[in-house]
Amino acid sequence: MLTLLVNIRSICIGHPHAKAYHRCHWAPNNVGTVLLPELCAGVTLNTHPPTHTSNMFSWFPIFFPLREPMMLPAGADVVAHMWRGCGKHKVWYEWAVSEPAITPIHNPSGRSYWVGL
């Protein structure tokens with residue numbers, strides 16, 4: 001059970017000021033981590049294209065679609081919330097937007113997509 005709790009994470013991500021009026025259909029995400037900084041100084045894994053860890057094949061960028069497109073006026077702040085859930089045999093992500101409008105939580109309990117353990 002401890003392993004499951006250790007794998008649960010959440011984050012609130014803010015992106016200030018949309019540059020122009022546009023329609024948002026999705027939230028791209030790249031995964032990055034620093035491995036035990038107190039033990040492995042400077043060891044990172046990253047899927048962000050400019051800093052992608054070479055020869056890494058176990059992690060991939062993730063696509064987080066929005067159920068309904070969201071109109072973003074120029075200058076709007078965008079705030080997204082993401083959660084990683086973990087069960088006995090699977091890991092999944094849930095996401096929602098809270099600004100400039102509120103969306104429902106997408107993929108609750110890994111209902112639409114999950115990764116098997």
Side-chain angles (χ1 to χ4, degrees):
M1 183 64 169
L2 179 59
T3 303
L4 297 179
L5 294 176
V6 170
N7 283 315
I8 296 171
R9 304 272 192 274
S10 66
I11 190 168
C12 177
I13 303 168
H15 189 329
H17 313 305
K19 293 182 180 179
Y21 183 82
H22 64 279
R23 182 181 309 203
C24 180
H25 295 270
W26 55 281
N29 190 14
N30 291 290
V31 178
T33 189
V34 177
L35 300 178
L36 299 169
E38 62 278 357
L39 299 175
C40 307
V43 177
T44 62
L45 298 173
N46 199 325
T47 63
H48 188 253
T51 56
H52 184 268
T53 304
S54 61
N55 298 320
M56 182 177 65
F57 301 104
S58 61
W59 285 6
F60 302 93
I62 301 172
F63 180 74
F64 293 103
L66 296 177
R67 211 173 287 153
E68 297 289 328
M70 179 179 292
M71 300 309 292
L72 300 175
D77 291 339
V78 179
V79 177
H81 304 265
M82 299 182 155
W83 303 269
R84 182 174 66 190
C86 187
K88 231 176 166 179
H89 301 289
K90 67 180 184 178
V91 174
W92 67 91
Y93 291 89
E94 301 174 6
W95 59 95
V97 175
S98 62
E99 289 182 39
I102 297 172
T103 68
I105 295 174
H106 294 70
N107 198 39
S109 299
R111 152 181 91 193
S112 301
Y113 182 77
W114 49 271
V115 177
L117 296 176

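None of the values given here were measured: they were computed from a predicted structure. Position 1 is the first residue of the sequence, and the numbers go up from there.
Counting only heavy atoms from C-beta outward, the side chains of R84 and W92 never approach each other to under 4.5 Å. Taking 4.5 Å as the limit, every side-chain heavy atom of D77 sits out of range of all side-chain heavy atoms of P100.
Summarising the geometry of C12 relative to H81, their closest heavy-atom pair is SG-CE1, 3.3 Å, with the distance given to 0.1 Å.
Transitive grouping of hydrophobic side chains (ILVMFWY, heavy atoms separated by less than 4.5 Å) brings L66 and V78 into a common cluster.
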Return a table of donor-acceptor pairs under 3.5 angstrom between the side chains of residues 102-109 and protein atoms on other chains or two or more places apart.
| residue | atom | partner | partner atom | Å |
| --- | --- | --- | --- | --- |
| T103 | OG1 | V97 | N | 2.9 |
| H106 | ND1 | W95 | O | 3.2 |
| H106 | ND1 | P104 | O | 2.9 |
| H106 | NE2 | R67 | N | 2.9 |
| N107 | OD1 | R111 | N | 3.4 |
| N107 | OD1 | S112 | N | 2.8 |
| N107 | OD1 | Y113 | N | 3.0 |
| N107 | ND2 | Y93 | O | 2.8 |
| N107 | ND2 | Y113 | O | 2.9 |

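Shown here are the side chain to side chain contact (heavy atoms under 4.5 Å, CB included) partners of P69, two or more places apart in sequence or in another chain: R23, H25.
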